[in-house]
Asks: 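Below are the structure tokens for one structure; questions will follow.
Basis for what follows: all heavy atoms, side chains included, without hydrogens, waters or symmetry-related copies. This is a predicted model, so every value here is computed, not measured. Quick note on labels: first sequence line is chain A, next is B, and so on, each numbered from 1.
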Number of protein chains: 2
Amino acid sequence: MSADKSAAATFRLLWETKESARSSLSVGGIVEAAIALADAEGLGAVSMQRVAGELGYTAMALYRHVPGKDQLVALMADRAQGNPPVESGKEWRTEILNWADAAWDFYLAHPWILRVATTGAPTGPNELAWFEALLRPLAQSGLATENLVATAMFISSAVRDLARIATEIVPSGSDYGNLLAQVIRPDRFPTLASLMTSGAMEDDGDVRPALDFGLNLILDGLTTHTS
Amino acid sequence: MSADKSAAATFRLLWETKESARSSLSVGGIVEAAIALADAEGLGAVSMQRVAGELGYTAMALYRHVPGKDQLVALMADRAQGNPPVESGKEWRTEILNWADAAWDFYLAHPWILRVATTGAPTGPNELAWFEALLRPLAQSGLATENLVATAMFISSAVRDLARIATEIVPSGSDYGNLLAQVIRPDRFPTLASLMTSGAMEDDGDVRPALDFGLNLILDGLTTHTS
DNA sequence: TCGACTTTGTGTACGTCATATACTCGCGCT
DNA sequence: AGCGCGAGTATATGACGTACACAAAGTCGA
């Protein structure tokens, strides 16, 4: 359960392609089964025993192919991420909006990815491909080279965490609003309170507009910067 | 380990202030001990047994005060968050930058907060106070009321996830760079590759500039919007 | 063709975890 | 004086990750 077990080993595993022929079990198969489980029942359902069981093997059999659970999860995350959207050839602004859109969809399709610990910087092939796919249109915006990475990180961070919020929101329903209303007194939270009475917080669980609006702010900022 | 056990109960616990007198153990004490543990050894070290042990009690004793571990963790998160920075009275731009600065510091001081599952929307008193403290200067920027919440969410999401990246980065050292270099071929990742050879990715573990730069882009966008 | 080595999967076992259930004690009230 | 209830304990259960020792089955050199 610790962090690594040699980060280098994990790295190699992420980029490994060939599978030894003489074995019914394979890294790819294990990872796929684990992803299916996570998609269906959440990350909590992914235990070595469950994954192995799903494949008709014992838990320990997995350890012949994967060094440990942390590594398996890392593989799952990169694999499930898949390929970034193809370039549309449109202007960089739409390209970036497309990217965010695709990332959003993919996070909502695999919400468990938002709960796995990463190594911070991108390391897997797919993770890197997504990063590249965001950098490319950004580079076309005329942004100075030394700020490219910073901006890409900022954008992808915002997308990711908004998706996290969107997927973590509990159905709650009316309960949450009522409880909040009791607690948000104008003396303690004046801005929030006025927003609440003015009805600006009606569409609460609706995180998506925050992404679009914020992203457009950034793109506006970018055009100012570079024009 | 499930999500809630009645979200309403958790909510009440978050806002509870009075403690029953006739008991050596208290919710406050438990939460404090758990926070100390998490600060010192990470969230992984926080088990009911460890926390209780630290206080000189058995694990089960905690259940007289806290419904379960998930609730304890929720309490820890809100408690550790503390109060937002006081208003400086400066212009809204600096106010927002101050806010981000303080949030950043606090995440780095309690990195485990970035790994606890929240309920999506803010619910605890401190969480709400931070949100309010961001909304206030934003409201002064002249931003339309209906976009206030969206913008605040966007900003706080970016800060949070950048902090997550910053704290998750493994010391790695030279290893990571070498391994990456082997794998980032210009044919597959042209933009990344050119950034790497141009040395623009030298300062890798340095996430903080991404926050400042991105934030300023947003603030620029805001001024364009509202002027 | 034979035997040794290697690779793959199994069986069992350990320590840790969250938490249910059933108890014991002692304080505060009547 | 005694009784009830609230606080803390003892013990147990089932799930977890994974170490270790083994077994079977395939590969390869002689």
Asks: Measure the distance from CG on Leu62(B) to C1' on dC17(C) and round it to the nearest whole Å.
Replies: 14 Å
Asks: Pair Arg160(B), Leu114(B) - check side chain to side chain contact (heavy atoms under 4.5 Å, CB included), show working.
Replies: CA-CA 7 Å; Arg160(B) 180 177 162 120; Leu114(B) 299 163; 3.5 Å; yes
Asks: Return the residues of residues 32-53 of chain B meeting this criterion: a heavy atom under 4.0 Å from some atom of DNA chain C. Order them by number, or give none.
Replies: Val46(B), Ser47(B), Met48(B), Gln49(B)
Asks: Given dG9(C), dT18(D), dA10(D), which nucleotide is nearest the side-chain atoms of Ser23(A)?
Replies: dG9(C)
Asks: Let me know the distance between CZ of Arg64(B) and P of dA20(C), rounded to the nearest Å.
Replies: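 Taking CZ of Arg64(B) and P of dA20(C), I get 12 Å after rounding.
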Asks: Any idea which heavy atoms bring Val51(B) and Ile30(B) closest together, and the distance?
Replies: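 That would be CG1-O, 4.0 Å.
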Asks: On the nucleotide dG8(D), are OP1 or OP2 found under 4.0 Å from the side-chain N or O atoms that Ser24(B) carries?
Replies: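 It does, given that an N or O in the side chain of Ser24(B) lies less than 4.0 Å from OP1 or OP2 of dG8(D).
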Asks: Mind calculating the distance between CG (Leu55(A)) and C1' (dT10(C)) to the nearest angstrom?
Replies: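 Rounding to the nearest Å, CG of Leu55(A) and C1' of dT10(C) are 16 Å apart.
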Asks: Checking the side chain of Glu95(B) only, and the main-chain atoms of Glu87(B) only, is there a donor and an acceptor separated by less than 3.5 Å?
Replies: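 Checking the backbone N and O of Glu87(B) against the side chain of Glu95(B), no donor-acceptor pair under 3.5 Å is found.
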Asks: With rounding to the nearest 0.5 angstrom, report the CG to CG distance, Leu215(B) to Leu162(B).
Replies: 9.5 Å
Asks: May I ask you to verify if any side-chain N or O of His65(A) is less than 4.0 angstrom from the OP1 or OP2 atom of dG9(C)?
Replies: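 Indeed, a polar side-chain atom of His65(A) lies that close.
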Asks: Okay, side chain of Trp99(A), backbone of Trp130(A): is any donor-acceptor separation there less than 3.5 Å?
Replies: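 Side chain of Trp99(A) to backbone of Trp130(A): a pair is present.
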Asks: Give the rounded distance in Å between these two atoms: CD of Gln71(B) and P of dA18(C).
Replies: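 So the CD-P distance, Gln71(B) to dA18(C), works out to 13 Å.
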Asks: Determine yes or no for a side-chain-to-main-chain donor-acceptor pair under 3.5 angstrom, with Glu132(B) supplying the side chain and Leu192(A) the backbone.
Replies: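 Yes, because the side chain of Glu132(B) sits within donor-acceptor range (under 3.5 Å) of the backbone of Leu192(A).
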Asks: For the pair made of CG in Leu72(A) and P in dG17(D), what is the distance, rounded to whole Å?
Replies: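 Value for this atom pair: 10 Å.
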Asks: Atom CG of Leu25(A) to atom P of dA25(D): distance rounded to whole Å?
Replies: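 Going from Leu25(A) (CG) to dA25(D) (P), I get 17 Å.
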Asks: To the nearest angstrom, how far is Asp70(B) atom CG from dC17(C) atom P?
Replies: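 Going from Asp70(B) (CG) to dC17(C) (P), I get 16 Å.
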Asks: Quick one: which residue pairs count as a side chain to side chain donor-acceptor pair (under 3.5 Å) with a foot in residues 26-46 of chain B, not counting sequence neighbours?
Replies: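 For residues 26-46 of chain B, and leaving out neighbouring residues, the side chain to side chain donor-acceptor pair (under 3.5 Å) pairs sorted by first residue read Glu32(B)-Arg79(B), Asp39(B)-His110(B), Asp39(B)-Trp112(B), Glu41(B)-Arg50(B).
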Asks: Which one, dG17(D), dG11(C), dT19(C), comes nearest to the side chain of Lys69(A)?
Replies: dG17(D)
Asks: What is the distance, to the nearest angstrom, from the OH atom on Tyr57(B) to the C1' atom on dT9(D)?
Replies: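 Roughly 12 Å, once rounded to whole Å.
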Asks: Using the side-chain heavy atoms of Ala61(B), tell me which of these nucleotides is nearest: dG8(D), dT19(C), dG17(D).
Replies: dG8(D)
